[in-house]
Amino acid sequence: MAVVTRFAPSPTGYLHIGGARTALYSWLFARQQGGQFVLRIEDTDRERSTEESVQAIFDGMQWLGLAHDEGPFFQTQRFDRYRAVVQQLLDAGLAYHCYCTKEELEALREQQWANKEKPRYNGKCRDGAEPREGVEPVVRFRNPLEGNVVWQDAIKGEISIANTELDDLIIARADGTPTYNLTVVVDDIDMGMTHVVRGDDHINNTPRQINIYQALGAEPPVFAHVPMILGEDGSRLSKRHGAVGVMQYRDDGYLPEAVLNYLVRLGWSHGDQEIFSIEEMIQHFRLENVNRAPSTFNTEKLLWLNQQYIKSVEMSRLLELLPFYLQQAGIDTAEGPSLEAVLSELRERANTLVALAESCRMFYQDFDEYNAGAAKKHLKVSAAEPLTMLKEKLAALANWEAEAIQAVVQQTAETLELGMGKVGMPLRVAVSGSGQSPSIDITLALLGQQRALARIDQALAYVAARAEQAR
RNA sequence: GUCCCGUUCGUCUAGAGGCCUAGGACUCCAGGUUUUCAUCCUGGCAACAGGGGUUCGACUCCCCUACGGGACGCCA
């Protein structure tokens with residue numbers, strides 16, 4: 001049988017990192033098995049579902065490159081179907097109307113809690129209940145009273161829960177709308193799901209759903225419950241941990257392939273391998289190798305991976321991604337050296353695309369101020385002499401190439417009998433504004449003769465002003 | 001509280017009873033390369049939650065305890 005998996009988020013927020021990993025695992029499994037991957041939006045809670053969240057989920061999935069083969073399906077467009085199934089269960093005596101009010105149920109729960117019992121519906125209306133004036137009934141599923149629900153979870157192994165732990169769950173609200181546990185089952189049956197990969201916060205729903213499958217005469221799919229992702233401090237992921245939507249990772253300068261690589265290795269591994277191409281993930285991923293314990297998110301490692309990708313992706317990929325960040329940073333690369341030449345020098349020293357874009361700035365924009373520490377240390381009065389000589393020699397240079405520039409810097413140091421630090425560093429600060437840049441000859445070569453000379457002039461003026469002040 | 005799930009370096013993980021003197025990666029530390037920063041290279045610190053079994057032998061199997069997480073909605 002052809003494999004069918006799905007990702008079925010409820011649109012009540014952005015696509016967060018945990019959901020993204022679940023989606024990835026589900027997608028990888030489908031791809032590997034040559035199966036279908038379905039996207040389904042579980043929006044039966046009209047109160048909390050929003051249009052923006054739906055869009056955020058689409059955006060996140062697209063950014064990550066997790067394409068679906070079918071859907072997106074919206075549960076709100078399938079209400080007729082759910083209603084029919086509820087009626088079917090009612091007719092078969094597998095479900096019943098319940099007239100207990102929310103208040104009564106609330107009181108019951110509180111009492112049970114006080115008695116240190118597990119709060120459960122007491123089955124008051126299970127064996128027939130009189131309609132009550134002014135109370136629209138809900139529909140409850142008649143859960144088996146005895147026995148255990150047992151299944152072989154593809155990740156967690158055998159899980160067994162006693163029916164006595166379960167109660168008669170509501171499958172249709174008083175207003176007639178269906179609830180989650182009913183809709184998932186109906187959809188997963190209708191959509192031919194063979195494998196349900198989802199967060200392990202659903203483990204407790206699974207036995208109820210298996211009972212519904214049985215009531216409906218359907219074979220349950222294989223379940224694979226993936227553990228949660230914890231925040232950096234080991235507690236549940238929340239906004240405070242930057243458990244923001246995946247699109248925030250784009251904005252922060254992460255490559256989607258790095259995020260995917262990080263997520264696939266968070267809770268899963270293939271020997272000692274750290275870097276995986278999409279093809280390798282698809283080839284090696286196994287549900288049964290997914291870790292059973294929750295794992296803690298670690299930004300340091302994500303950053304390292306991101307850096308590995310920035311260093312090693314095709315230049316064309318970098319050129320495709322960077323304009324977004326350059327624009328965000330307000331850097332126009334129309335005038336100046338070729339972006340490709342600049343990037344090939346800078347890519348090894350940035351761990352995010354935001355930082356990479358920022359490091360490009362000096363090649364395209366002039367500046368008025370120096371990094372305070374760098375200027376204080378290197379643009380001293382004593383720097384005037386080497387800078388002046390460098391300026392003269394560089395101005396006289398006919399072929400503006402790294403090799404020739406390097407020779408000039410070296411000659412200057414030798415002539416003045418100064419160490420490289422006393423010549424190279426002032427020059428670096430002069431042209432970059434900070435103490436950091438690629439090697440100085442290449443930096444100058446990229447910058448261009450005119451711009452380089454202008455910046456040396458600017459630095460000389462700065463040094464002169466400083467000398468004036470010192471007096 | 002009840003039920004379910006889990007527990008190997010700080011973090012992600014390898015480990016399918018002897019290959020374990022517990023391996024790799026990130027971080028960190030110490031060196032080296034680099035006139036800077038970053039990269040890169042070399043080396044180092046660092047873990048089987050605790051207690052009982054089973055076994056000739058347990059990180060690996062079983063039980064208990066502790067701790068962590070989840071669920072207990074007319075949310076999904």
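Computed from heavy atoms alone, side chains included, the values below leave out hydrogens, waters and symmetry copies. Naming convention: chains lettered A, B, ... in sequence-line order (proteins, then strands); numbering from 1 in each chain. Note that the structure is predicted; figures quoted are calculated from it, not measured.
- No close placement of the A:H195 and A:Y25 rings is indicated, their centers lying 6.0 Å or farther apart.
- In this structure, of B:rU39, B:rU36, B:rC74, it is B:rC74 that holds the atom nearest to the side chain of A:V138.
- The side chain of A:S269 has B:rA14 as its nearest neighbour among B:rA76, B:rG1, B:rA14.
- Mapping A:V423 and A:W268 onto RNA chain B by nearest heavy atom places A:W268 at the nucleotide closer to the 5' end.
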Contacts under 3.5 Å, N or O only, protein and nucleotides 48-51 of chain B:
none

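- If you check residues 179-189 of chain A against RNA chain B, the residues with a heavy atom closer than 4.0 Å are A:T179, A:Y180, listed by number.
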With B for base contact, S for sugar-phosphate-only contact and - for none (protein heavy atoms under 4.0 Å), nucleotides 3-8 of chain B reads SSSSS-

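- For A:F276 and A:W268, the gap between ring centers is short of 6.0 Å.
- Two rings, from A:F7 and A:F37, have their centers 6.0 Å or more apart.
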Write out a two-atom table: protein N or O, nucleotide N or O from nucleotides 16-25 of chain B, distance below 3.5 Å.
from: B:rG23; atom 1: N2; to: A:D272; atom 2: OD1; distance (Å): 3.1
from: B:rG24; atom 1: N2; to: A:R265; atom 2: NH2; distance (Å): 3.3
from: B:rG24; atom 1: N2; to: A:E274; atom 2: OE2; distance (Å): 3.2
from: B:rA25; atom 1: O4'; to: A:E274; atom 2: OE2; distance (Å): 3.1
from: B:rA25; atom 1: O2'; to: A:K301; atom 2: NZ; distance (Å): 3.4
from: B:rA25; atom 1: N3; to: A:K301; atom 2: NZ; distance (Å): 3.2

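- A donor-acceptor pair under 3.5 Å is formed between the side chain of A:R132 and the backbone N or O of A:Y99.
- Dashed line: the shortest gap from a side-chain N or O of A:R428 to OP1 or OP2 of B:rC37 is not under 4.0 Å.
- With hydrogens and angles ignored, no donor-acceptor pair closer than 3.5 Å exists between the side chain of A:N205 and the base of B:rA71.
- Here the nucleotide nearest the side chain of A:N298, chosen from B:rU36, B:rC26, B:rG69, is B:rC26.
- Scanning for salt bridge (charged side-chain N to carboxylate O under 4.0 Å, His left out) contacts around A:R265 gives A:E274, with sequence neighbours left out.
- One finds a side-chain N or O of A:S295 lying less than 4.0 angstrom from the OP1 or OP2 phosphate oxygen of B:rU13.
- Centroid-to-centroid, the aromatic rings of A:Y254 and A:Y309 stay 6.0 Å apart or farther.
- Of all the residues in residues 340-359 of chain A, A:E348, A:R349 reach under 4.0 Å from RNA chain B with at least one non-hydrogen atom.
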